[in-house]
Amino acid sequence: TYTALMDSLCKTGRDDDALKLLDAMEDGDCSPDVVAYTSILYNLQKIGRKDEASIILARMKQKGCVPDLVTFNALITSIGRSGDVDGAFKIYTDMQDVGFKPDVVTYNALIEVLCKADDVEEAFNMFQKMVDDGCIPDVITHTELLKGLTKTGRIDEACRQFRKMVQAHCVPDVIAYNTLIHGLIKSGQVEDGYQLFKHMKGKACKPDLVTYKILMDAFCENNLVHMALELSEEMEGDMVVNSLLLSSLARSGHVDDSYKLFSDMVIKGWKLDVKSCNSLISGLANARNLDAAWQVHADMQKAGVSATVVTYTILIDSLCKSDRIEDATKLLGEMKEKGIEPDVVTYTALIDGLCKAGSLHEAQLVFGEMTRRGISGNAVTYSSLIRGFGKGGLVDEAEQVYEAMQASGCKPD
RNA sequence: UGUUGUCGCGAG
């Protein structure tokens, strides 16, 4: 019971509650089991609370709870996701030192870490090692390698990898197909991607919503709006396709079509989602049509879709870029009043606007407010500030910001 | 009850 509760707390992002529960369990007579510890370790590490995670790990061992294979695998994944390749591999050696044999999940996690770091060569070395170790690669292994290849622009090798997977009697699933279709499209081979889509439809693999999203985006971006429409009709019955189409259109510069669809959906009372509405607002803002952007903001709320931090960030950014910094600052206040917490992107948009307007002192104040709220700046934030100060001739201040950036452990990119 | 792969929203 406690363990299940712990898991749901972790998964819903209520990490502090999960930690409290863990404390209570440790103090009480019902000690947490390895599952509870693994769940909390994984989630803490995943959201970057590295130090707390190591404390919990030490406490777990001290309480006599022994990490199992799943614990190690979870650590590899969560540490690897933070970009710490060496840290992930350290767990891999540690687990072997205490006698655990890596399984397919371990190898897949490591291969994924390497692919994410664009080290496909090393990923293939792990693949070989896995095979030598008698561990049988599965569809996930192959898909990860496939993705690694497409991501690094090696589309031909990716196609070969797909064939190899089939030869290895590994049946490609919808994710494998989606990965390759997306890769083909990104390398400019839209037609080949479409052919693969038709092939999968004809065979045992049913396309899913992700497949349709990938293709609709591709068609819109290549000015093949009619093809995107055709696809959306094919998916009729699924109300979400309309939102997805609206989003695709907005992001590809077909703002008018997107707006028409939006208005249509509002009138018909069809379900809208906030991400699609945000795409449209952003598209309209980029097209310098702020009136329409605000209209969508109003209409979506009437239709029962609440604005999020992203919605406000788009609007704040658009105000800044139209030299309406005062309004942008006001809007930041409004969102806070509504209980919507600005995040690092929101603050950075405003800071950048202030810097570009030459209000460097104001920018510093906003940066201070952000920091006081416990939000750290990232590479984008610092680069805005440094550029701003540099342009204003405040070289010393620029250098101070640079030092603050290094002190905060933020790497320039 | 915990761990691995694909897609759409915002900042320099």
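The analysis underlying the following values was restricted to heavy atoms, covering all of them including side chains, and did not include hydrogens, waters or symmetry mates.
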### Query
Heavy-atom count around A/Lys90 NZ within 6.0 Å, excluding the residue itself: above 12?
no
### Task
Find the distance A/Asn286:CG to B/G10:P and express it as a whole number of Å.
9 Å
### Query
The side chain of A/Asp217 lies closest to which of these nucleotides: B/G8, B/G2, B/G12?
B/G8
## Note on the structure
Between OH of A/Tyr177 and P of B/G5 the distance, given in whole Å, is 21 Å
### Query
To the side chain of A/Asp68, which of B/U4, B/G2, B/C7 is closest?
B/G2
### Query
So, does the side chain of A/Asp317 form a donor-acceptor pair with the base of B/G12 at under 3.5 Å?
no
#### Entry: Of the listed nucleotides B/U6, B/G12, B/U4, the one nearest the side chain of A/Ser384
B/G12
### Message
Tell me the interatomic distance from A/Tyr37, atom OH, to B/G2, atom C1', rounded to whole angstroms.
### Response
14 Å
### More than 12 heavy atoms from other groups under 6.0 Å of CD1 on A/Ile136
no
### Query
Could you state the NZ-P distance from A/Lys213 to B/C9, rounded to the nearest angstrom?
10 Å
### Task
Step through it carefully: locate the ring centre of A/Tyr107, locate the ring centre of A/Phe127, and say whether they are under 6.0 Å apart.
no
### Query
What do you reckon, are the aromatic ring centroids of A/Tyr194 and A/Phe219 less than 6.0 Å apart?
yes
### Query
Are the charged groups of A/Glu144 and A/Lys116 less than 4.0 angstrom apart, N to O?
no
### Any A/Arg81 side-chain N or O less than 4.0 Å from OP1/OP2 of B/U3
no
### Query
Does A/Thr143 make a side-chain donor-acceptor contact with the base of B/G5, cut-off 3.5 Å?
yes
### Summary
note: A/Ile386, atom CD1; B/A11, atom P; distance rounded to Å ~ 20 Å
#### Entry: Residue A/Lys50 excluded, over 12 heavy atoms near NZ under 6.0 Å
no
### Message
Closest approach to the side chain of A/Ile214, judged atom by atom: which nucleotide of B/U4, B/C7, B/C9 is it?
### Response
B/C7
#### Entry: d(CD1, A/Ile351; P, B/G10) in whole Å
19 Å
### Query
OP1 or OP2 of B/U4 sitting under 4.0 Å from any side-chain N/O of A/Tyr42?
yes
### Query
A/Glu112 CD to B/U6 C1': how many Å, rounded?
10 Å
### Query
Is a donor-acceptor pair below 3.5 Å formed from side chain A/Asn43 to base B/G2, judging by atom type as modelled?
no
### Query
Does a nitrogen or oxygen in the side chain of A/Lys321 sit under 4.0 Å from OP1 or OP2 of B/G10?
no
### Proximity to the side chain of A/Ser282 - top-ranked nucleotide from B/A11, B/U6, B/G10
B/G10
### Query
Counting only distance, no hydrogens or angles, is the base of B/G10 paired donor-acceptor with the side chain of A/Ser279 under 3.5 Å?
no
### Donor-acceptor pair (no angle test) under 3.5 Å: A/Thr71 side chain, B/G2 base
yes
#### Entry: Check: A/Asp343 side chain, B/G10 base, donor-acceptor under 3.5 Å
yes
### Task
Test for a donor-acceptor pair under 3.5 Å between the base of B/G2 and the side chain of A/Ser39, counting only N and O atoms.
no
### Query
Between A/Lys46 and B/U4, is there a side-chain N or O to OP1/OP2 distance below 4.0 Å?
no
### Query
Under the 3.5 Å rule, do the base of B/G5 and the side chain of A/Thr141 count as making a donor-acceptor pair?
no
### Query
Just how far, in rounded Å, is P of B/U4 from CG of A/Asp173?
15 Å
